Amino acid sequence: MSVPASFREQHARLADELREHDYRYYVLAEPVISDEEYDRRMRDLQDLEQEYPALRSPNSPTQRVGGSVTKDFPTVSHDVPMLSLANTYDEDEVRDFHRRITQELGREEVTYHVELKLDGVALSVRYRDGALVLGATRGDGTQGDDITANVKTIRSIPLRLRDEADPPAYLEARGEVLMYKEDFRRLNEGREERGEKLFANPRNSTAGTLKLQDSSVVAQRNLRAFMYSLPGTIRGVATQHEALEYLRRCGFAVNPHRRVCGSIDEVIAFWREWEDNRDTLPYEIDGVVVKLNDLDEQAELGSVAKSPRWAIAFKFSGRTARTVLKDITFQVGRMGTVTPVAELEPVHLAGSTISRATLHNEDFIREMDLRVGDHVVIEKGGDVIPKVTDVLLGERPEHTTPFHFITSCPECGTELTRPEGEAAWFCENAECPAQVRGRIEHFASRNAMDIEGLGEAVIDVLVSTGLISSYADLYILGNRRKDLESLERFGKKSVDNLLENIEQSKQRPLERVVHAIGVRYVGQSVSRLLAEEFGSLDALARADREDLERIDGIGPRIADSVIAFFQEEHNRGLVTRLMDAGVTHTREERKDNHLPFFEGKTFVLTGSLSTFTRDEARSLIERAGGKVTGSVSKNTDAVIAGAEAGSKLSKARSLGIDIIEEDEFIEHISELRSENGS
Ligand code: IVH
């Protein structure tokens, strides 16, 4: 089927737009549209390609979403071996490195390029005629795996090089793939909820993710990449600094924290700065990499065995500390999970003071035989939350006693239960104040309804004063303005702001609402699937097991959880109240989809359309704000006539009603498809 020119143009425009947004978001870190807006455009592009597969190219932005499944990754050879780095933790050895270099080059002074040592997984990407053709792992340095489909989902890696750099016919770039700490935390949180094995740190989860067979799962993991080397020769690029600037012009993300240093003292100062500040970064680093800046000088020194002689990794020392366990307390989550927390003698560790650490669950404590009073080793891993990793049994004080997990909820006193096969103890009292607060906090949180000004502290006050006891109560807070204003620390202005923010949140898209209502195992990505599949809260509430399990990405565990949620009278009541309050509950109700050409008008479809079925055309018109009826009358505003239109067309003519040909209809409706979800 040939693609109508208008759709071809629209495809090109949308693809360009999405490329530009990827670049702005992931490379420049200056997003200009919201995530929802981005997703909507991506869906539009996917829909267009679904309809016209001829539009789907290997480097279309839709490839970002993944989909292809690889059984075995083919092996690829690296033209230039992928080396590793000699490393040290010691300042004196860095000075030795500098002495060696100056000696061998026969120079007094040399210039270094110092970069962060990103704690991820090395990657090589190849481009032909500006288009990404290969993404490969390092493997043994000579041969790696072809993981192209997975690499395409990484949005900081351009599918096409930007023209500004005037890229050569062939280009290879190398860099590091990593996962942000926040994404790692969220990933593990979901895995814990689903009873899956946890990743030890962001690097392991990056490595595991890159080797997944299903690229659409990779796409959801939000991997990032920073490029740091150009193995080939590029005209006009004579230093590492210029190489990175060149990579940036090509559209790659290049880590901004780097410095050209004229002396080894400056190098060491850079290392110190980052040793102190590493925790302020959203990703993990484990040192700095010191590279000779001049590429000719690099070539002159060459490499030995597996590492270059012109570079060294200057690593940070460990992130563990010793302290004393003063107490074990408990936190109750919004789902009732009771988590033990270590209360520690405060200790300084890699830039911050630590006084609490998670202890995961009962088994974790039992396996270590952890006791109050023990000397413990704590470690700051990929998570911001520190962990207790070891007990120093040799230093155990006398008279300690084995620890016993609590048997009743520290918040409401309900007896705890530990379901078979679960590691966690639960408080099953849905009215438990900790759970009530937790559910409201989740509802208002950034990834859910995103209600600014409604954080932990405010929710605490609202719940403890009895002003709210569920998230549905938020939408009737407007009636309690006086009560709100009388609360300590709540001025008129802050009450106004809060109420305004709550009001605004009614407009959040359905997928956020689905996430916000707090169904167990239903996180952001599952919510998106559910919103897309069912289109409304009503339909979701009516879904049965079969409907749910039919969806790719939804297994029995999630299906059961959704059903259990809506079976509960209380939950159904909450959801109904949200709908009554005017919170978005269908995907289509957004009025801003409407197009003036269709809005409020009545159409009749006749004849056969070549690009749409009747049903498709009807739903597009409805989404644009129009109505479709079956027969022509004086109330009809226009008739849309396809091929071989019969009596309805003649009737329309006789009544003097507008007649719209298919081409014209497509032109009008295509505005809807480009601006809004379809
Ligand atoms: S340069 C031959 N620069 O560290 C030069 N590597 O042990 C090797 N790494 O495999 C790469 N950040 O995965 C370079 N700014 C950076 C780096 C970096 C992290 C990793 C890389 C490499 C390993 C070396």
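Residue numbers run from 1 in the order of the sequence given. Predicted, not measured: the structure shown is a model, and the values here were computed from it. Whatever order the structure lists them in is the order used to number ligands and atoms, beginning at 1.
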Would you mind listing each N/O atom of ligand 1 next to any protein N/O under 3.5 Å, plus the distance?
{"from": "ligand 1", "atom 1": "3 (N)", "to": "Lys291", "atom 2": "NZ", "distance (Å)": "2.9"}
{"from": "ligand 1", "atom 1": "4 (O)", "to": "Lys117", "atom 2": "NZ", "distance (Å)": "3.2"}
{"from": "ligand 1", "atom 1": "7 (O)", "to": "Leu85", "atom 2": "N", "distance (Å)": "3.2"}
{"from": "ligand 1", "atom 1": "12 (N)", "to": "Leu118", "atom 2": "N", "distance (Å)": "3.0"}
{"from": "ligand 1", "atom 1": "13 (O)", "to": "Glu176", "atom 2": "OE1", "distance (Å)": "2.5"}
{"from": "ligand 1", "atom 1": "13 (O)", "to": "Glu176", "atom 2": "OE2", "distance (Å)": "3.3"}
{"from": "ligand 1", "atom 1": "13 (O)", "to": "Tyr228", "atom 2": "OH", "distance (Å)": "3.2"}
{"from": "ligand 1", "atom 1": "15 (N)", "to": "Glu115", "atom 2": "OE1", "distance (Å)": "2.8"}
{"from": "ligand 1", "atom 1": "15 (N)", "to": "Leu116", "atom 2": "O", "distance (Å)": "3.1"}

Inset, instruction - Return yes if a side-chain donor-acceptor contact under 3.5 Å exists between Tyr112 and Asp294, otherwise no. - result: no

Inset, instruction - Check the side chains of Tyr38 and Asp22 for a donor-acceptor pair under 3.5 angstrom, ignoring hydrogens and angles. - result: yes

Inset, instruction - Consider only side-chain N and O atoms of Thr62 and Glu49, and report whether a donor and an acceptor are under 3.5 Å apart. - result: yes

Legend entry - Reference residue Gln240; test side chain to side chain donor-acceptor pair (under 3.5 Å); the match among Glu245, Gln298, Glu115, His113: Glu115

Legend entry - Pairing of Glu273 and Arg259 as salt bridge, 4.0 angstrom limit: yes

Legend entry - No-hydrogen, no-angle side-chain donor-acceptor test under 3.5 Å, Arg64 and Thr153: no

